[in-house]
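As a basis for the values below, the full set of heavy atoms in this structure was taken, side chains included, without hydrogen atoms, waters or symmetry mates. Keep in mind that this is a model prediction, so the values were computed, not measured.
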Amino acid sequence: MKSKILLVVCLAAHMAFEAAATSVLLPSAKDNTLYQPASGSTTNSNGAGEHMFAGRTDDGYIRRGVIAFNITSFIPPGSTVTGVTLTLNMSRTRDRSEDITLHRVLANWGEGTSNAAQEEGRGVQAATGDATWLHRFYPTSLWTTAGGDFRATASATTTVSDREGPFSWSSTGLVADVQLWLNNPGTNFGWLIKGGEGTTKTARRFDTHEVGTASARPVLQVDFIPGVAVGACCIADGSCVTVTSNQCAQLGGVYHGDNTTCAPNPCPPPVGACCLSSGDCTNVTAVQCSALGGTYQGNGTICASNLCFVILTPFVDALPVPAPLQPVTGTIGGSAHYEIAMRQVQQKLHRDLPLTTVWAYGTAFPGPVIEAGVDQPVTVKWINDLRDGSGQLRTNHYLPVDTCLHGPDTEGAKPRVVVHLHGGKVAQKDDGYPEETFLPGQSRTNYYPNNQPGAAIWFHDHALGITRLNVYMGLAGLYILREGVENALGLPSGPNEIPLVIQDRKFRADGSLAYPAAWDEHFFGDTFVVNGKVWPYLMVKKGKYRFRVVSGSTSRTLTLALSSGATFHQIGTDGGMLPAPVPLNQLTLMPGERADVVIDFASYATGAEILLTNSAPAPFPGTPGVGVIPNVMKFIVTNVAGHTVALPTMLRSLERLSETNSVKQRDFVLRKSSDPCTGAKWLINDLHWDDITEFPVLGTTEVWSFINRSGVAHPMHLHLVLMQVLDRQPFVFTNDTIVTTGPPVPPPANEAGWKDTVRANPAEITRVIARFDGFAGRYPYHCHIIEHEDHEMMRQFEVVLPPLITDLQLLGSNVALGFRTVPNRLHFVQRRDDLFTGSWASFTSNIPGVGTNTTVIDSGGASRTKRFYRVGLLP
Ligand code: C2O
Ligand code: CU
Ligand code: CU
């Protein structure tokens, strides 16, 4: 529970006249929500929760807030109340305005310790002393009327808008209420906050006095003319209040004498927790904290173990090199069956960091390396065995879940998982469909045929709306698919081939992972974790190493380079080897992309230290230096000789997909939109997950253009297919149209291989080409910034079977021809009289594919003894 901090501030108190008006700002003394129970459900409450609600929910239940203030402690008896303003911060709203009314509550009620945390819209089982829909104090005293006893006439009404932020109520009715409470303190039970109850989906959320941000807490301003002498009273937290000397004593304050004022504030400054750059914490004033170079956490905050984020010393831990996972049956690299459980484990991620709770595939994060061979099928039984600290299967997520998002909006904070093999060409049922999640205690077995080029692909979680949380917790691992053609190339292998799974993270001083509760359009950690260690080092031999690099952050882009300035070689992309090694001095990888890289340490002196650096700003692209975590890891050169075989000049031949084979060109506009629940969301063609409009025909080739109308780059990923980048072309958006401003530019050599994730730069049209083969079915395509993916920048395409004649009947003198259609495409039907000679003639064209089947009539077709028909698709 949050400590309740007394927030009392004195406004200008003009003492020119004996009885001058003065003002106090009061924090709420208690607040709660009355949850109308669904039939048969329990009595819920949210006493210690950070929010309260008013209005009717989507599923039809009423919520009413209750709030009360301690009036007599701050306003002297006999005073005349002249003005009252209640201000509440509305932190979730809807896309229309709503009247919210305040009603004087007629009976006393309570606030217990119930805290619905991630289920606040619903509440949790009430605790002793909580107000509920039925109870004034759970479980002993009931309201006379369910839903609360309150005056029917509203004391005040304010219309709240579709915009979040502070809203105020002030009226003569509120003045009368407060005056009544001052004169008869026994009648002060506060106000009931009533929203639109006539229709569903009107519920609004307001912050309570428990909310973390002090400025968002409810505040009541009362203007009054004091009845007896008042003066400044200093409270321990540094705040000042104008009260009588008696009241000041009751508040535990120091009274400065009658007619002394709070303006300027005569009280000693308050102290709070100050986080130092060492990660230590000290309780000092704000001014002292800034002199120490620390970060002040706010008045009244107290140093606690997890308050300050840590600054960790880089390069003190050795890079873990994961060994290939042992299958249950079969062989490593051959056809095999694996069983992998997802577990919540405690892992040491840095020398100076306490154990961190992570989610592992198997025993550690990132997951194990699965070694597979081309055309050697692998099955994996994925087991959700996530348990809490006491060994029970988890029922909720470890991280806070934002229930605004698609997925959690109906599933809440459940620890759902589903595993996707990113870069794998697999059937829909094995692909990790984001809606087919499974809970702790359940498992799924997936079949991976491995019928595709050798490449470093990876598996990671893909649960709808919480992928970022699951991947951030650690659910990601590498899957190396090997192909015979590599063997003859003399590439570094065995101990000279090392995976580098690079991810950013943010830690609290207690070792726990920090991730915000509310969805934001990106998340950037302040630390790199490589193979599960923060900023590790690797002792290297004097020779070449092959690094299988996975760019695995949720939002952060990498631009990798060597601190020595040396050239390195990229030999492979997401989907396998390039035709030839590409020399590079730096390499940019967005989330989801991989690179196969050879670095040669042969020419360094023993003891030389070379950093793997990063220069990509965050967000990307951005101003150089902004948001950068500059170092990734360190290589230390030993005196041992290593792999010195020269890199081959040619690696493999690569099929080039040709635009002339493309049957369809599609445009995808990438841009940000607004969202009533979270403020913003990201969209592709302004459509959502359930809007399926792309139906590529199995076996055909298409060109997709990503038109990025936003200020950040989006790594666009397609499941099922491998892509090739055709080109990128700059554009401006004027008069509602896309106007290109330069020629299309083909990709650089290191991007000219098979890709499954492609950077779409801002203000550019990025064209890719892909053949939709392998499997029919629905597959996601999305931005691999997982914060974007989780909030609507993910849609699905459906690979469909080609049109096919399914029925032929005589209808009098006509022929009726039935055929299976392709959705959203135009079809033609042609006929001829002889199968091998004569020309095809169209008798009908432009038939839209709406249902699955359609029938066309060839009038007079029956007059011929022989008729041949064919059906096709218009481009
Ligand atoms: Cu790497 Cu759809 O994901
Ligand atoms: Cu994928
Ligand atoms: Cu994006």
Side-chain angles (χ1 to χ4, degrees), residues 313-322 456 478 480 482 485-502 528 530-531 533-551 558-573 576-589 593-616 624 628-652 748-753:
T313 313
F315 322 127
V316 295
D317 293 286
L319 176 81
V321 179
L478 190 62
I480 296 182
R482 296 196 186 277
V485 62
E486 289 175 39
N487 297 339
L489 296 174
L491 295 171
S493 62
N496 301 319
E497 181 188 11
I498 295 178
L500 297 179
V501 180
I502 305 173
F528 275 122
V530 188
N531 296 356
K533 283 287 183 195
V534 171
W535 290 310
Y537 66 84
L538 177 69
M539 308 296 289
V540 291
K541 292 170 281 191
K542 288 184 173 151
K544 294 186 183 65
Y545 283 82
R546 180 181 185 187
F547 293 106
R548 316 298 293 257
V549 182
V550 179
S551 174
L558 302 170
T559 296
L560 302 173
L562 295 169
S563 58
S564 59
T567 297
F568 53 92
H569 288 84
Q570 183 171 352
I571 59 169
T573 53
M577 264 189 296
L578 286 160
V582 178
L584 295 173
N585 289 306
Q586 62 170 44
L587 168 60
T588 293
L589 296 172
E593 290 187 284
R594 283 92 61 216
D596 199 346
V597 165
V598 173
I599 303 178
D600 192 348
F601 299 100
S603 61
Y604 296 99
T606 301
E609 298 190 342
I610 303 111
L611 300 179
L612 180 63
T613 61
N614 165 53
S615 60
V628 176
I629 306 175
N631 297 317
V632 179
M633 62 175 293
K634 182 170 76 181
F635 302 106
I636 304 169
V637 182
T638 64
N639 63 358
V640 183
H643 178 99
T644 50
V645 178
L647 263 187
T649 49
M650 297 307 289
L651 295 165
R652 65 169 307 159
N750 71 310
E751 270 190 306

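The aromatic rings of Tyr545 and Phe547 lie parallel to each other, their planes meeting at an angle below 30°, with 60° marking the opposite boundary.
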Quiz item: For Leu562 and Leu612, what are the C-alpha separation, side-chain angles and deciding distance, and is it a side-chain contact (heavy atoms from CB on, under 4.5 Å)?
Solution: CA-CA 5 Å; Leu562 295 169; Leu612 180 63; 4.2 Å; yes
Exercise. For side-chain contact (heavy atoms from CB on, under 4.5 Å), just list the numbers for Phe315 and Asn631, CA-CA rounded to whole Å, side-chain angles, deciding distance to a tenth of an Å, and then say yes or no.
Key: CA-CA 10 Å; Phe315 322 127; Asn631 297 317; 3.8 Å; yes
Quiz item: Would Leu500 and Leu319 count as a side-chain contact (heavy atoms from CB on, under 4.5 Å) if you check the C-alpha gap in whole Å, the side-chain angles of each, and the deciding distance to 0.1 Å?
Solution: CA-CA 9 Å; Leu500 297 179; Leu319 176 81; 3.7 Å; yes
Self-check item: Working for side chain to side chain donor-acceptor pair (under 3.5 Å), residues Thr606 and Lys542
Solution: CA-CA 8 Å; Thr606 301; Lys542 288 184 173 151; 2.6 Å; yes
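The residue from Met577, Met650, Arg652 that alone fulfils the side chain to side chain contact (heavy atoms under 4.5 Å, CB included) condition with Leu489 is Met577. Here the options are Leu478, Ile502, Val501, the test is side chain to side chain contact (heavy atoms under 4.5 Å, CB included), and the partner is Asn531; only Val501 passes. Among the candidates Thr649, Asn750, Leu647, the single residue satisfying the side chain to side chain contact (heavy atoms under 4.5 Å, CB included) test with Pro581 is Leu647.
Annotation: side chain of Thr567 is in contact with side chain of Asn585 (closest heavy-atom distance under 4.5 Å). Between Glu497 and Arg548 there is a side-chain heavy-atom pair separated by less than 4.5 Å. A heavy-atom distance below 4.5 Å is found between the side chains of Lys541 and Pro495. When side chains are defined from C-beta on, Ile610 counts as touching Ser563, because their heavy atoms get closer than 4.5 Å. With contacts defined as side-chain heavy-atom distances shorter than 4.5 Å, the pair Val645/Lys544 does not qualify.
Here CG of Leu587 is found 8.5 Å from CD of Glu593. Values are rounded to the nearest 0.5 Å. From Leu578, atom CG reaches atom OG1 of Thr573 across 5.0 Å, with rounding to the nearest 0.5 Å.
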